[in-house]
Amino acid sequence: MPGGVHAPSRAAIRPKTLRQDRYWVTPALTVIGLTAWVAYATVRVFLQSNYYVAEHHYLTPFYSPCISNGCLPEAAHFGRFLVDHPLIPYAALSLPFLLLFRLTCYYYRKAYYRSFWLSPPACAVPDGHKSYTGETRFPLIFQNAHRYTFYLAFVITLINTYDAVLAFGGEDGFGVGLGNVILVGNVIMLWAYTLSCHSCRHVTGGRLKHFSRSPIRYRWWTFVSKLNTRHMQYAWITLGTLALTDFYIMAVSAGWFDDLRFF
Ligand code: FES
């Protein structure tokens, strides 16, 4: 028996949708944006060059933590213990978990279900597929692992913060340049994205019966809830800040231009 908008209990409407607006613009832009970002990130991760500016200790987040035997010793803040191979990213310890964190993110799920999978493309527009099984079966049931990837992403954001702090001490001692501003801006936005996660909201305020008996958790939950309302924006902004940070460090490292130094 057909389900969804074709279920017998639903009104039989001949046109595919009654929506007259350009509802397809958002899914189309999502496809373009995500595809472009994934293409850029994939190329950069496997380039295995121009990821560190030794003079200012700038390390791109795409190579953090740098744990491969191929990493420059100065860039390997946590040691080098991974086999050096062109098909193994230098940050192979963090990148898979970050990918899983974003893939299972509530917002990104909505984004790619609507745009790539047309399931459904928009409200009041039928699903692009005949059947709909949701996230209750293999493989999408694994989306429920999101809460665990949150803990790992939290640790990786701490590592990115550590990298940003180290970048204030270059070869000539303390200094501040445009690279520092970009690294710190990226880390602030990464925290905004990570802490605004729905799982974080549950960690801070979930399973509580009486907020009045847990005032500190209530405060954290209020703070995280406010951030949570902007989770989609942070999801996109961090894609931008990550790519910008990586590109800037690649450009300075490759000698395309010098870092703008403030002092
Ligand atoms: Fe988006 Fe957790 S990171 S919901």
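One-based numbering, in listed order, for ligands and for the atoms of each. Counting begins at 1 with the first residue of the sequence.
Looking only at protein N/O/S atoms, the ones less than 2.8 Å from atom 1 (Fe) of ligand 1 make 2 in total.
Following chains of ILVMFWY side-chain contacts shorter than 4.5 Å, one cannot reach Tyr108 starting from Leu118, and the two form parts of different hydrophobic clusters.
In summary, the side chains of Ser214 and Trp221 do not present any donor paired with an acceptor at a separation below 3.5 Å, with no hydrogens or angles considered.
Partner of Tyr106 under the ring-ring contact (aromatic ring centres under 6.0 Å, His included) criterion, chosen from His202, His146, His231: His146.
Figure legend: Arg44 and Tyr63 shown without cation-pi pairing, the cationic atom not lying both under 6.0 angstrom from the six-membered ring centre and within 45 degrees of its axis.
Considering only heavy atoms from C-beta on, His57 comes within 4.5 Å of Tyr52 through its side chain.
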Stepwise disulfide (SG to SG under 2.5 Å) test for Cys197 and Cys105: CA-CA 8 Å; Cys197 168; Cys105 162; over 6 Å; no
